[in-house]
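Below is one structure, written out as structure tokens, with a few remarks after it.
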Amino acid sequence: MLRSCTAGLRSIWALRGRREGAPRLSTDLQPARRLFSTEKVIHKDWALPNPSWSKDLKLLFDQFMKKCEDGSWERLPSYKRRSTQESEDFTTYFLDPKLGEEERLSQAQLFTRGFEDGLGFEYVIFKNNDEKRTVCLFQGGPYLQGVPGLLHGGAMATMIDIALGSCTGGAVMTANLNINFKRPVPLCSVVVINSQLDKLEGRKLFLSCNVRSVDEKTLYSEATGLFIKVDPEKRST
Ligand SMILES: CC/C=C\C/C=C\C/C=C\CCCCCCCC(=O)SCCNC(=O)CCNC(=O)[C@H](O)C(C)(C)COP(=O)(O)OP(=O)(O)OC[C@H]1O[C@@H](n2cnc3c(N)ncnc32)[C@H](O)[C@@H]1OP(=O)(O)O
């Protein structure tokens, strides 16, 4: 398992024409000021295949793209930064403009998209609006290691949070997340997270998901989550 991961890393570096050595995160490849400016970087959709994607991930991606053709499923785009509208929903809720936090937060980005291709979180989410469910295809890269050769449980929890959150379709906060880790996930493997909205009660959304191997034979985790729609009348901090 570790050998295949090392091979994966080598091919990732080779693809970039980089000599072997410690790989660097995207943030230290560029001058800090580029974080503020390059519009192209900000608006790139990261939920699309790149050369680090395994055969399994590409195959599943193609299968779900086919399902999107009749409109029953949609692929959710994924950006490093939230759209202006989304940011506004949260900004009015959490930020006090007097504190001058806006400038610092202009650097903020979704941490799952902060790694170079293939090293961290590679994922795409497909949503079926009628059935109120999503399918997240996730390949956890070598920088997400916990126990040697295995995906860190916190990385899995992060993806579960995002997968459940993608079922809510609005400005929500995770209030509660319960995860049963049933089997360890091999690093660099692909897993499928099936999430669904179970119940809606006022501002409370109750969701659940399971994480399985591509062949569906291994159940890695099961989880439930409670998400709360943010109340713009309230300030949380
Ligand atoms: C999020 C996804 C969004 C979009 C998806 C789209 C695309 C997906 C792709 C990328 C998206 C990236 C997603 C990233 C996901 C990240 C999500 C997070 O990590 S959020 C950060 C972690 N969570 C927090 O920091 C939350 C901290 N807590 C709070 O801010 C507040 O407690 C709260 C949860 C906002 C609730 O506070 P409120 O004052 O608004 O409501 P309350 O009156 O307290 O409660 C309302 C209602 O809910 C019940 N409740 C609240 N918390 C819990 C709980 N932990 N357990 C059980 N019940 C809870 C409370 O009892 C009330 O119930 P009621 O009395 O029956 O109304």
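Count residues from 1 along the sequence. Counting convention: from 1, in listed order, for ligands and their atoms alike. Because the structure is predicted, anything quoted here is derived from the model rather than measured.
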Close approach of Asp231 to ligand 1, heavy atoms, under 4.0 angstrom: no

Should Lys204 be counted as touching ligand 1, given the test is an N or O pair under 3.5 Å? yes

Atoms of ligand 1, numbered as shown, that sit under 4.0 Å from any heavy atom of Asp161: 15 (C), 16 (C), 17 (C), 18 (C), 19 (O)

Between Ala47, Ala163, Gly170, which one has a non-hydrogen atom sitting closest to atom 4 (C) of ligand 1? Gly170

For the residue pair Phe121 and Phe138, does the interplanar ring angle fall in the parallel (under 30°), tilted (30 to 60°) or perpendicular (over 60°) class? parallel

Relative to Phe61, does Lys58 satisfy both conditions: NZ or CZ under 6.0 angstrom from the six-membered ring centre, and within 45 degrees of the ring's axis? no

Side-chain donor-acceptor pair under 3.5 Å between Asp215 and Ser213, yes or no? yes

With respect to Thr174, determine whether any N or O atom, backbone or side chain, lies less than 3.5 Å from an N or O atom of ligand 1. yes

When you measure from the centre of the six-membered ring of Tyr123, is the NZ or CZ of Arg113 under 6.0 Å away and within 45° of the axis? yes

To the closest 0.5 Å, what do you measure between CG (Asn128) and CD (Glu74)? 9.5 Å

Judged on heavy-atom distance to atom 34 (C) of ligand 1, which of Val230, Ile228, Val172 sits nearest? Ile228

